[in-house]
Asks: 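Sharing a structure below in structure tokens format, with a few things to ask.
Naming: A, B, ... by sequence-line order, numbering from 1 per chain.
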Amino acid sequence: MSDTNRPVRVRFAPSPTGYLHIGGARTALFNWLFARKHGGSFILRIEDTDQSRYVPEAEDDIMASLRWLGLNWDEGPDIGGKAGPYRQSERAELYREWADWLIEHGYAYRCNCSPERLEKVREEQRARGEKPGYDRFCRDRNLGPDIGEHVVRFKMPLEGETTVHDLIRGPITFSNAELQDLVLLKSDGLPTYHLANVVDDHFMEISHIMRADEWIATAPIHWQLYRAFGWEMPAIAHLPVILSPSGHGKLSKRDQAFQEGGTKVLVQVREFREAGYLPEAVVNFLTNVGWAFGDDREVFTPEEAMERFELEDINPAPSKLPYDKLEWLNGVYIREKLTTEELAERLEPFFVEAGCDIGREKLIEAVPLVRNRIKTLPDALDFLAFLCKDEITIEDPQNLIQPKMDAQRTIEALRAAYDTLAAMEGFDVEEQERLLRGLAGEMGLKAGQLLGTLREAVTAQKVSPPLFETMAVIGKETVLKRIVAAAELLEKTVEHEN
RNA sequence: GCCCCCAUCGUCUAGAGGACUAGGACGUGGCCCUUUCAAGGCCAAAACAGGGGUUCGAAUCCCCUUGGGGGCACCA
């Protein structure tokens, strides 16, 4: 509707009040996709005008999380740019100037009502069943700057309607009587979101605003501000919010406690990273919430998405995050999109963190064993625990005994397997398979019985990657030692029972 | 309470008046493959919130109801 010919410049403007939320990441992603599609600029702006809620580590986390996702920005607090500074706390003077301008031109006024009076007014309004809000006591008092502590409020038109054209939803109309004379400049001299946002978007030459749904109610207020300033308002689109899996309200930090099917509900981007999701999978996943690639395709790169991405196609309905789908997608990326070396590289920090620092080379050897078996990076730890230590511990000797076998028969099987493997020249996988299957036949055992026993003996795990490949990675020497140890363990148990 | 937004399988979605016997994906169930676990292959169950219009014809347009969501701060 209000599509302009201006060069595309969009921004992601988080408030550093906490770590980057996945919903914020989605907003950033859609802005980034749009900017990149149109060869425009993606700007990072930090909206830190609320010093009471300021969290010092938040800005670093926001930037680290965006970088992790691959959402690079062209202008921002760390790299500067032609419209800087990009931290609102560093632009305070600008907001004060324009607040003064509004007062001079009759679009705003000073107000020294106390918070107590405001609260009292609201209470009375609520009691009367009216919409709570400022009663405009100071609107026509023409207070000067010498009244001590005060705020600056916007003089909202009292009549008429304001229509905002949302690129996703079409026109949204509000009655001006519903709109408040809201605060533009707080008594600490810093601007509220409304003033800072409008002033910055104007001077940073933002062409399109893409922000969360929850801002819709402020859009007409911002529209009126642009009008008062005589500035052109950027085109605007409100992205649907992400809902809590609990079924109530939007996704929030509180949901981290909410367990569904035993899975932790991830909320912050860093939690997705720590849980072992790949950034490319998270980006793919997020792109498909509120927007769809089309052609029934679920797996695609951001570049492919850019070609088709249109704001008009965004689904205005709020949605939950399909976490199950992310799990599946992550598996797809793990098994199909990364080379062996890349996957080993991604896996390494998780192994080191878990105290299983087996080195890159060993990891590269092990990757083919787990590739099709893991959904998240740390899943590999469960499969490969037998690689972490020289000595493994078989929890219960009974685990060695397969269905329809007994301890004696199992000991025999282990010894025979030992002899067979020890006699091998190398430790070739196919050769192992040929020999051991042959052995099982000779002993009148099913392959599963022999292999099951060996699996437990060699990995101390009921579940492991395929046995022959597994033994090859462990190495012949260690495998033989473990088979001996398992046989001895079982013998001890038998003696003990007698 | 008031204002605003939204509504297709359990979930994420395709669908922009006839091509819909409503498609895909995840998840779920079954079968196949199989040395455990996966992966893979095949199959299945599963939705247009309800009611009124408009139209020859409605998942698609309009209205109402219901349900969900957001907002109503010197927070963003």
Asks: Please report the distance, rounded to the nearest Å, between NZ in A:Lys320 and C1' in B:C26.
Replies: 15 Å
Asks: With a 3.5 Å cut-off and heavy atoms only, can you find an N or O donor on one side and an acceptor on the other between the side chain of A:Glu327 and the base of B:G27?
Replies: no
Asks: Could you measure the distance from the CG atom of A:Asn197 to the CH2 atom of A:Trp215? Nearest 0.5 Å is fine.
Replies: 7.5 Å
Asks: Decide, yes or no, whether a salt bridge links A:Asp135 with A:Arg117 under the criterion of side-chain N to carboxylate O below 4.0 Å.
Replies: yes
Asks: I'd like to know if A:Arg153 and A:Asp181 make a salt bridge, using a cut-off of under 4.0 Å between side-chain N and carboxylate O.
Replies: no
Asks: Please work out if A:Phe383 contacts a base, only the sugar-phosphate, or nothing of the nucleic acid, heavy-atom cut-off 4.0 Å.
Replies: base
Asks: If you only use heavy atoms from C-beta on, which nucleotide in B:C74, B:U36, B:C6 is closest to the side chain of A:Pro316?
Replies: B:C6
Asks: Taking atom P of B:A38 as reference, at what distance in whole Å does atom CG of A:Leu343 sit?
Replies: 19 Å
Asks: OH of A:Tyr323 versus C1' of B:U28: gap in Å, rounded?
Replies: 21 Å
Asks: Will you find, in the side chains of A:Asn330 and A:Thr376, an N or O donor that is under 3.5 Å from an N or O acceptor?
Replies: no
Asks: Mind checking A:Gly331 for me? I need base, sugar-phosphate or nothing, with any heavy atom below 4.0 Å counting as a touch.
Replies: nothing
Asks: Rounded to the nearest Å, what distance is computed from the CG atom of residue A:Asp296 to the C1' atom of nucleotide B:C26?
Replies: 14 Å
Asks: Could you check how far NE2 of A:His194 sits from P of B:C74, rounded to whole Å?
Replies: 9 Å
Asks: Using a heavy-atom cut-off of 4.0 Å across all strands, would you classify A:Arg455 as base, sugar-phosphate, or nothing?
Replies: base
Asks: Salt-bridge test for A:Arg11 and A:Asp200: reply yes if a basic N is under 4.0 Å from a carboxylate O, no otherwise.
Replies: no
Asks: Does A:Glu431 come within less than 4.0 Å of A:Arg434, counting only side-chain N to carboxylate O?
Replies: yes
Asks: B:C75 phosphate, OP1 or OP2: any side-chain N/O from A:Lys186 under 4.0 angstrom?
Replies: yes
Asks: Assign A:Ser175 to base, sugar-phosphate, or nothing according to its heavy-atom contacts below 4.0 angstrom with the strands shown.
Replies: nothing
Asks: Mapping A:Ala317 and A:Ser52 onto RNA chain B by nearest heavy atom, which one lands closer to the 5' end?
Replies: A:Ala317
Asks: Among side-chain atoms of A:Asn284 and A:Thr287, is any donor-acceptor pair under 3.5 angstrom?
Replies: no
Asks: Tell whether A:Arg169 reaches the base of B:C5 with its side chain through a donor-acceptor pair below 3.5 angstrom.
Replies: no
Asks: Between protein and nucleotides 45-47 of chain B, what N or O pairs are separated by less than 3.5 Å?
Replies:
none

Asks: I'd like a table of atom pairs between the protein and nucleotides 67-73 of chain B - only N or O on both sides, under 3.5 Å - with the distance next to each one.
Replies:
unit_1, atom_1, unit_2, atom_2, d
B:G69, OP1, A:Gly249, N, 3.0
B:G70, OP1, A:Lys250, N, 3.0
B:G71, OP1, A:Lys250, NZ, 3.3
B:C72, O2', A:Pro132, O, 3.1

Asks: Would you call the rings of A:Tyr323 and A:Phe285 parallel, tilted or perpendicular, where under 30° means parallel and over 60° means perpendicular?
Replies: tilted
